[in-house]
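Notes for the one structure printed next.
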Amino acid sequence: MIKKAVLPVAGLGTRFLPATKASPKEMLPILDKPIIQYAVEESQKVGITDFLFITGKHKRAIEDHFDKATELEERLIKTGKDELLKKINSFENLNFAYIRQKEPKGLGDAILCAKPFIFEEAFAVILSDDVIDPDYSVLKDMIDIYKDKKAPVVALEEVSNEEVSRYGIVAGEKIGEDCYLIRDMIEKPEKSKAPSNLAIIGRYILTPSIFKYLEVLEPGKGGEIQLTDALRALLKETPIYGYRIKCQRYDAGEKFGYLKTIIYFALRAPEISDDFRKFLKDQLSCI
Ligand code: G1P
């Protein structure tokens with residue numbers, strides 16, 4: 001079983017300034033929950049109980065969000081707001097730990113910060129900017145591949161030629177309906193150098209063997225320690241598999257993607273979907 005998840009949240013969120021000047025981008029809401037909560041709930045559903053956030057400055061709101069809110073709870077009990085109480089109590093059986101990334105040296109460096117927390121077991125890495133429809137079982141399917149192959153698994157999505165330079169791109173061989181054996185990978189290649197259109201998206205099942213490669217890695221793309229480069233080095237030692245997701249994934253880490261995420265969830269939220277649909281139709285008909 002995979003019990004631990006690592007969530008890198010040290011990024012500055014400059015794309016959302018000034019909203020992120022004093023509060024983390026991970027706390028921006030999608031309807032009534034912050035982005036980061038979707039990642040935790042997705043992990044909770046597959047039995048993950050121990051969460052390690054790799055944080056930076058101005059991220060205290062994330063710690064507070066997953067902490068017990070005694071005063072608020074007392075008030076909700078007194079006023080009989082049981083439904084709300086349930087909503088804010090849903091993390092009670094989970095453990096949260098926080099490590100600060102000392103410098104913003106990249107995703108690979110952030111994952112290396114998790115080494116003292118991991119010991120010998122495999123673990124999940126969740127990049128919370130990549131929001132996935134919670135009705136789909138991406139993590140479960142990835143864990144199933146991990147259990148079968150006993151090797152790391154990354155989530156994949158096909159992207160357009162214009163988008164390859166924003167992602168880690170893999171060269172892989174299709175070995176099952178949604179499963180690939182990865183032959184090579186490259187971080188944010190130019191369009192002409194991309195080996196395929198299959199992009200790594202923010203879900204990984206990793207084994208502790210990644211740490212020894214991260215420890216000796218030179219800075220790569222953008223002068224940062226890249227997880228993709230460490231995985232590429234790891235390919236010499238173990239096969240790595242790709243799981244091609246079957247659902248929508250939205251990049252809530254940039255403005256248009258964030259807006260799409262909100263619209264996607266709003267159209268599926270029973271309490272507002274009808275009104276929202278009507279509102280959208282009216283708006284579209286008058287422009
Ligand atoms: C990171 C990874 C990249 C991956 C992407 C998925 O990039 O480095 O390989 O494709 O996440 O969202 P970032 O978006 O942090 O620049």
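Counting starts at 1 for both ligands and their atoms, in listed order. Positions are given from 1, in the same order as the sequence printed here. Predicted, not measured: the structure shown is a model, and the values here were computed from it.
When the heavy atoms of R249, K221, E224, K188 are ranked by distance to atom 13 (P) of ligand 1, first place goes to K188.
Counting protein heavy atoms under 4.0 angstrom from atom 16 (O) of ligand 1 gives one or more.
No cation-pi contact links K246 to Y136, judged by a cut-off of 6.0 Å to the six-membered ring centre and 45° from its axis. With a 6.0 Å cutoff to the six-membered ring centre and a 45° limit on the axis angle, K281 does not count as a cation-pi contact of F279. Taking the ring axis of Y98 as reference, the NZ or CZ atom of R100 does not stay both within 45° of it and closer than 6.0 Å to the ring centre.
Given atom 9 (O) of ligand 1, the protein heavy atom at minimum distance is E187 OE1, 2.7 Å.
Ligand-side atoms of ligand 1 in range of L107: 1 (C), 2 (C), 8 (O), range being under 4.0 angstrom from any heavy atom. Residue D130 approaches ligand 1 through these ligand atoms, each under 4.0 Å from one of its heavy atoms: 6 (C), 12 (O). Contact atoms of ligand 1 toward T228: 9 (O) (distance under 4.0 Å to a heavy atom of the residue). Heavy-atom contacts of G168 reach the following atoms of ligand 1: 3 (C), 4 (C), 9 (O), 10 (O) (cutoff under 4.0 Å). Ligand 1 places these atoms under 4.0 Å from at least one heavy atom of Q226: 8 (O).
For T228, the side-chain hydrogen bond (donor to acceptor under 3.5 Å, both in side chains) partners at least two apart in sequence or on another chain are E187.
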